[in-house]
Structure formats: C-alpha cells, structure tokens
Amino acid sequence: MRFGVVVFPGTWSDCDFHYVISEVIRQPVKYVWHRDRNLADLDCVVLPGGFSYGDYLRAGAVAGKSPVVEALREFVANGGYVLGSCNGFQILCEAGLLPGVLMRNECLQYRCQSTNLLVENVETPFTRGLRAGQVLTMPISHGEGKYYADAPTLAALKARQGIVFRYATVEGQVVKAANPNGSVENIAGVVNETGAVLGLMPHPERAAETAMGGTDGLLLFQSLLGTLVEDGTFLKR
Amino acid sequence: MAGTEPKVTLDLARGLGLTADEYDRIIQRLGREPSYTELGLFSALWSEHCAYKHSRVFLSRLPTRAPHLLQGPGENAGAVDIGDGWAVVFKMESHNHPSFIEPFQGAATGVGGILRDIFTMGARPIAILDSLRFGDPADAKTKHLINGVVSGISWYGNCFGCPTVGGEIAFAPEYAGNPLVNVMCVGLVRADRIHLARAEGVGNPVFYVGNKTGRDGIHGATMASATFDDEAEAKRPTVQVGDPFTEKLLLEACLEAMATGAVVGIQDMGAAGLACCTSEMPARGGTGMEVELSAVPQREEGMTPYELLLSESQERMLLVGAKGREDELRRVFAKWELDAVKIGEVTGGADLVVRHRGEEVAHVPVEALTDAPTYEKSYGPPAWLAERQALEPLCLPEPDDYGEALVRLMGSPTIASKEWAYRQYDQQVGTNTLVLPGSDAAVLRIKGTRRAIAISTDGSGRQVFLDPRRGAAMAVCEAARNVSCAGGRPLGVTDCMNFGSPERPEILWQFAEAIEGIAEACRALEVPVVGGNVSFYNETVQAKGATSPWDSSGGTAILPTPIIGVVGVLEDASRLGTQWFKAAGQRIALLGPDGVSLGGSEYLWTLHDRLAGRLAPLDLEVERRVQSAVRAAVGAGLVTAAHDCAEGGLAVTLAEGAVTGARANGGVGVGCEVTVEPGRRLDETLFGEGPSRVVVTVEPARQREFEALMAESAIPWRWIGTTGGERLIVHASGRVVVDVAVDRIEHAWRSGFERHMA
C-alpha cells in the first residue's frame, strides 16, 4: 500500500509517521507538500499531528483550506483512505470531511498522557482487525482535543456507527474520569460515512514499537493492510 | 535622524548600564566620542549578559578538553561525538529575569532561544529539559509564576515540536522574588555537518532570515544584567514575544539551507540581536562586516538604527552565504514563507560598518565590541557562613514517628511528583523518548543505530549555599550519576550558573568556589564542560521594612544555584536503567559509602525549617568507581532498577523506587522491606544526604553475577533487603522503624505539589 504523509508548515508528527510506515510496517511512503494536489499515486494519505500554520485562528482552520486538503475530496471519492491524527483530525473536521469540531481541552491545559480507547466500530478499514469492545492504549498530546458536535450531528453520527473510539478506563468503562479533554461522550475518533476517512486525537505512530511503550497503534495500520491482503488487491469501499 | 537622537554623555552611558571607566575605555578605543548608535552597541555587547565581564576569568578554569569533544565553549552550543557518525549538540541557558517580569513569554522565549542555539549548529533539536526554581508554591504570586512559566514552556516547545523530556522543579523561599528558568536543549547532527557562527570569505553575502524586527526586547541583555527593584513591572517591554510556529519554519528552512552547502556561517539573533551577530560573527572569522539597516525586514514603522540593532525580536538568524549561491538560499526560505534578505557583506577589514539609508551610523572595530573589559574583583566568604555551618542537626529532636516523617518528605513540593507540569509538555514527539520524565535521567534512542543518549539536570541551591565548592561538585556528580543509573557514559557537561550580584564579594566568592567545584568534579569524572551560561544579578531589592533571612546588605540574592546538565551515551539502547522497582522478590543493594549528612538536607528544611549544617564528604574517586560500577551493571542487564540517592536520603530513594513506577507497572507500586545500620542516629541514616550512593534491584537468579561485578568494581556496597508487598518496611537495631502503606506514600507524593496548583 502506498502512503503519503502530508507536511504543512508547522506539522511535526510527519517524520514519526514516515518512520513507522517505512521502518515498522515496511510500506512505500513519501512526504506530500501542502501545496500538492496530485495524490493519484497514493492509497492512503496521512494527516499528521502538529500545529499547521501555527493553528492560528483555530486549530486546523487554515490547513482545512489548503490545496492538498481540497484534493482529498476527490482522492476519497476515488476510494483513497485518509488517516488524520491529532492536528490531522482537527483539519479533517475543519475541512468538513468529518463531522464535529475540536475545541480547547476542558482543563484549559495541554495534555500529553497515555489514554485507553474503547473500540466501538470494527467495520472500518482501520479497525477491521479488531474486536468490538477491545481496549487500545495510545498517547495523546494536544491542547484542543475536546470533540464537540451538536445534538442532531451526534445522533446522525451514532446512527451510522460513526464513533470509532471512545476514551475509557483500562477495563473499557466509558466514564468521565477516563476523559482527558472533556470530549462529548468521550469521543476520541470518528469516521466518515464510507469509513474511509478516520480522524482521532491519539497518536497511533507513538504506539507502534515495543521500545516506545506499546504497539496498539500498529493495529490500525495492520487492519488497513489486512484489507489489501484479504482480496489480494487494494479494496475499494 | 541624528537630530532626534539623545546627546551622548557619561550620564547617558550610565543609564545604559556602562560605568565611567567603561565609557572612557570606549572613547579610548575609538579615539573619539561614540555616536548614539555606537554607544548602544557597546552597552549591549559589554553587558554582563553578553560579555561575562565578572565571570570570564573564573570560567577559564573549567576543563574543556576531551577526545570526543567536537565543539567546546565559544560557539552557539557545544558538541560531542556519540559514535556511528553522530554528534549531539547541547547547551543550557537561563531566562530568569524575563520570566519574573512576564512568566509566560519569558519562559517561552527562553525555550525559543536555546532551540535556535542548537539548530544554528545544524542539529535538529530532539530534547528539552527545564530546571525551574520557585518560592513557596502555596503563595499566590508564586503560583502565578509557576503557571505562567510551565504554560509558556508547554506552548513554545509543543508548538515547535521538540519533546520536553526532563528537568526538575525545586522550591525555596530565596527564589520567591527571583525564580529560575533554565532550559537545556539537545540536538542531533551528523558529526561532520556541524555549522559554526563565523563570518568567513570576503565578499560573501550576509542574509537576515526569519521573523521581522520590531521594538520588542530592546536592551533585554542590559535588563538581565541588573538587580530587580520596584520598577520590575515597568520593564515588561524589554521581554520579547515568541512565535513558535515561525521558529519551526526557521528550523526547517535553516536545516534545508545548510543541506545545500551554501551556508558559510550562521548565528541566532538572541541577546542584543543584530548588534551581537554583526560583531561576533566577523570577530570569530577574523573579518569585518558592512550592513545596511534599511534592508532589515521590519514590522513597525520608523525604527531607528539604534532600535534595529538592539531589538531582541525572536526567531531571527544572521546567515553568511556563499557568494554566487544567493538564489539557492532565497528559494529555500521562500518555500518556508520566511524573509531572507541580503543586508550586507563580509569585508576584509576588521570593522563593523553600519549604514542606514546609505548614511553611516556606526563604524567600530569588531574586536573593540567583542573584547569587553573583564573584572577580577576581590571576594571572600560571607561572615555568616561559619555560623550556618556550625549547626549540628543531631541537636534537633528526633521524629516521633519515622513513617510519618517519610510521608511528609514524600509530600514536600520539591520531592513530590511533578506530573502536573510535565503532562502539559509533549514528551514523545520524534518518537525517540525511551524513558519519559519521572526517572533519574531521560533516555532517547538514536534512530538508525543501536545507541541512545541519557540526559539529566541537577543542582541543589541549599548545598551550594552551605559549601559552594563541594555543593557544586556534588551537582556535577549527581547529574552524571543519574546518567550512569540510566546506563549512560557521561560525555559532556553544560552549566548554567545562577547567582546574585557579582559586585558583592560574598556572591563572587560563591561563584568562584562553585566554578572550582565543578572543575574538580569534571576532571575526576573525565567529562568536559562544553558550554553554558552565567546569570548574575538574581536579586530583588527588598521592600521597605523587610529583612533578608541571611543577609543584611538590603538585597536578597537567590541561593547560589549552578544547574548542571549532563549528556551521556548508551551503546545499547535496549540495556537502559530506570529508577522504579519492577516486581516483588528482587534483592535490593545499596552501593556507595555510608557518609551522609542532614546539613542542607530536604529533611532539615521540611521538618525543621532549617538551612544549616555541613555537607557529607565527597570522594571523587569513589564517585567515579560507583558510577562506573552502576553503568557496568545496567549495561550487563544485571540490575532491574537503579536509582540515585538524592534529596530525602535513602528512605526517600526507596519510597520513590516503590511508587514512581506505579503507572508503568499497571497501577500498583511495589513495596519493600530493608534493614539499615542505625549509624549515629536514625534520622541521619534514613534521611541524610550524601554523594556516590545508588540503590539497585537484582533478580535473585543474577545475584552471584552481580556480586562478582561489585567485587571487581572495588566499591563499598551491601544487600539491604527485598522488594515486594504493599508496604515499605525498615528495620534497624532489631526493631521496625518504618512501616507505611505504599499507597499512602504514593498519595502524598502525587498530591504534594499538585494540590497547590489545583
């Protein structure tokens, strides 16, 4: 599977994703500059963490209007996969590729810590290898990760199984104490209608090697690659 | 232009921080009165902050040579070879004065400044560590300072994308009016790709790159070279305003520009901004420089030459390019949407010539600017010291309950968990951090090799206060010991010297003694000092009526606080040491000598409100052997934990071993049961502090091997107990003297600092 890792001015998880894709899951990967519109030779585009354009105005707001993000619409329509983590999730929401918005953490402070994620939807390309109810451990690192959507949006999201991850205890209990940022209903990650666009605040690339403290993040990549292996070809959804 | 400028007089020079002698010396060097702009240049470059006038003669005593040293003091940062073709570049700097005036921006721009020092050398910053000192966290003003400083560091470091992996925070009333914000940064670079801040090659273009220049931070260097008074608040405009996003762009653009090979020399515009770069770069290169100020990108209108030269606007660099390759450089900076403007040239003369709209506003030999006067003033120990040292801590009452005393110590803000601060810092970006904040040293892997580096910062103001020489030597030993506990072989030291006014003999004595102590320890441990920073004038003039606890001269200086940063290398990243107990049933050994003291200890302060007594003896040869033994044991995989005995003594070391890994161990601490020799008195044995001591745990199956290694190492050591259970139990003289639940200790430790910040 051919991966592209997008670089905006101010992106900083680009190298970390690149490393995991090339050195850990050993797939072809290249950087994609924010002005590029040509994504034709890619199967999956990663929008990494960072502070794109300084996150001035609102986190992800400026990047959400960038040429590469505009090109993502056609890329997704053509069956491409998109993984947005941290700032990438914020950008996808700002661009309208995912519903909802990420707001300032409820504690009004930045949070870098380990979190436990309850897997709710195992029908997406990124979670197909997982069990519903499985708990993954991945770190977060953000100041604006409080997911919010209004009631109708939230109802629609639930109705279509759009919530993929919720912050939970290590046993999988979705409780306030396990919510690091005040996200509505502990939402940590959502997908679009087709399931091909996943956004999550946690950092799967930081949980992809034993030396870094865990490999649960790798499961998202392995699920994605599993779809390829299953059919012997790139699976269009 | 000249008509609107103030007339140059001795009074004006004094107002800018120069002395009458210095003013005369300037006239002598120039053979005439300086212009207003020239006076500004001298006042900034001859400030204590830039010129180290009072410290230079002492600093020359530090050992700065080693076979693996690639760059010593005198450049933006130092560098050591870590093997496999890689080098680490590192340095620590203070931003104390700005952080007191405006804690958020002061601390943020402290981070920004040290990051630039690292990436101007061509290295990508991979780790930040902060050593912070504050007054009592229960005090409202101090709380405001802590909040501001921590969020400033968090904001700048996180947005820039460099992980904050360690450091320490300690509290003492002497820092209430002068908090310390010392930031260390470590960067990684190919050993043959280090860039220097030299203006070489006559005719080469001089580029201004990065942020535009505004009126912020003018005379910051001069402000940082004076004692605070009631007017501190009015100095807020001298604090710069940071923009970490632009800094990130500047990083990427500079590294990309360097990769083209078209960068001859480059220097960060830090203290004293353009003035500093345009004089230091040609001074190092043995050249001259001509610049035209009207070409400088400006974000405000009508800036004078004086303001343009002295502005400390952030995120700017001066870059000397290779003639003929200007467009290559311009293209790189344009890609990152940054200004890169040619403002001048390297010249064959030895002068700095500054023009503004074609008119010459300064014409000075660069050497006159960079060769500031140095002072070797007389100094001597303070009269009150002997009395302070004379206190025998064992005259004070023994605690009724040793378990309670331990719980209280674990909850003292200095010892308690600093998670409240470090969870606000991105600790992992770059995916190199193998050991996160909360162990003796941070450990980062070097991708593409089997190696890792270990980093620690340390410095006890109390110990240095009571015995500057031994206290400073102990700081070097402790930082190096922490690195050794992680399995790292110390390669280099950076020192950040925080003191009061050097114009007072007793402060200068503290400084001189501390330098000797650092030098002695570095020689014994065979680690060079690669660079550092001196911050004097950390004093606040007391409000009327208040008297300082330890000085009657009207000013309150901070505790003399040299902060030592040590970087070491691990040949095998998979063989690293952490401080917490891993499992039950492992044997606990105490390595090192018995010599401890309650003098200057955390125990004496927390339980008896005293800062007095004498320090434990320090034998540098024993220190060296203990560190070498610990490294060997960690490197051979013989120990499952290694933890330096520091603040709070043996009892706190064991308690930290029990609780600090609770999260890593899945939520539960690991208790222990040990037996100690009672010594002179139990409080000294349990809470006394002394150098060269390390607690390790060993799996029973590896006991023999471990014993053989210790025998070979020729160090004092003994088994003291076993890990396991849910309590921390200490036996002495056949009875149980401490028996406390681990979760009680953990609660005290977790809440001791955080409860003040809630």
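The figures here come from the full heavy-atom set of this structure, side chains too, leaving out hydrogens, waters and symmetry mates. In what follows, chains are A, B, ... by sequence order, proteins preceding strands, each numbered from 1.
Here the side chains of A:C112 and B:Q427 are in contact, with some heavy-atom distance below 4.5 Å. In this structure, the side chains of B:D426 and A:R206 come closer than 4.5 Å at one or more pairs of heavy atoms. Residues B:R423 and A:Y110 have side chains not in contact (no heavy-atom distance under 4.5 Å, counting atoms from C-beta outward). Between A:Y56 and B:F245, some side-chain heavy-atom pair lies under the 4.5 Å cut-off. Between B:W420 and A:Q109 the shortest side-chain heavy-atom distance falls below 4.5 Å.
For the atom pair B:E419 CD and A:Q113 CD, the distance stands at 7.5 Å (nearest 0.5 Å). Rounding to the nearest 0.5 Å places CD of B:E252 at 7.0 Å from CG of A:D14. Atom OG1 of residue B:T433 and atom CE of residue A:M212 lie 5.5 Å apart, to the nearest 0.5 angstrom.
Closest approach of A:T11 to B:K248, counting heavy atoms only: O-CE, 3.1 Å. Nearest heavy atoms, A:W12 versus B:V429: CE3-CG2, 3.6 Å.
Contacts between B:S151 and chain A at a heavy-atom distance below 4.5 Å are absent for every atom of the residue. For A:H18, no part lies near chain B; criterion is any non-hydrogen pair under 4.5 Å. Contact annotation for A:S114: neither backbone nor side-chain heavy atoms come within less than 4.5 Å of a heavy atom of chain B. With a threshold of 4.5 angstrom between heavy atoms, A:E209 approaches chain B through side-chain atoms but not through N, CA, C or O. With a 4.5 angstrom heavy-atom cutoff, B:E247 does not touch chain A via any of its atoms.
Between A:R35 and B:E337, at least one side-chain nitrogen of the basic residue sits less than 4.0 Å from a carboxylate oxygen of the acidic one, meeting the salt-bridge criterion.
Of all the listed residues (B:S154, B:S574, B:A573, B:G430), the one sharing the greatest number of non-hydrogen pairs under 4.5 Å with chain A is B:G430.
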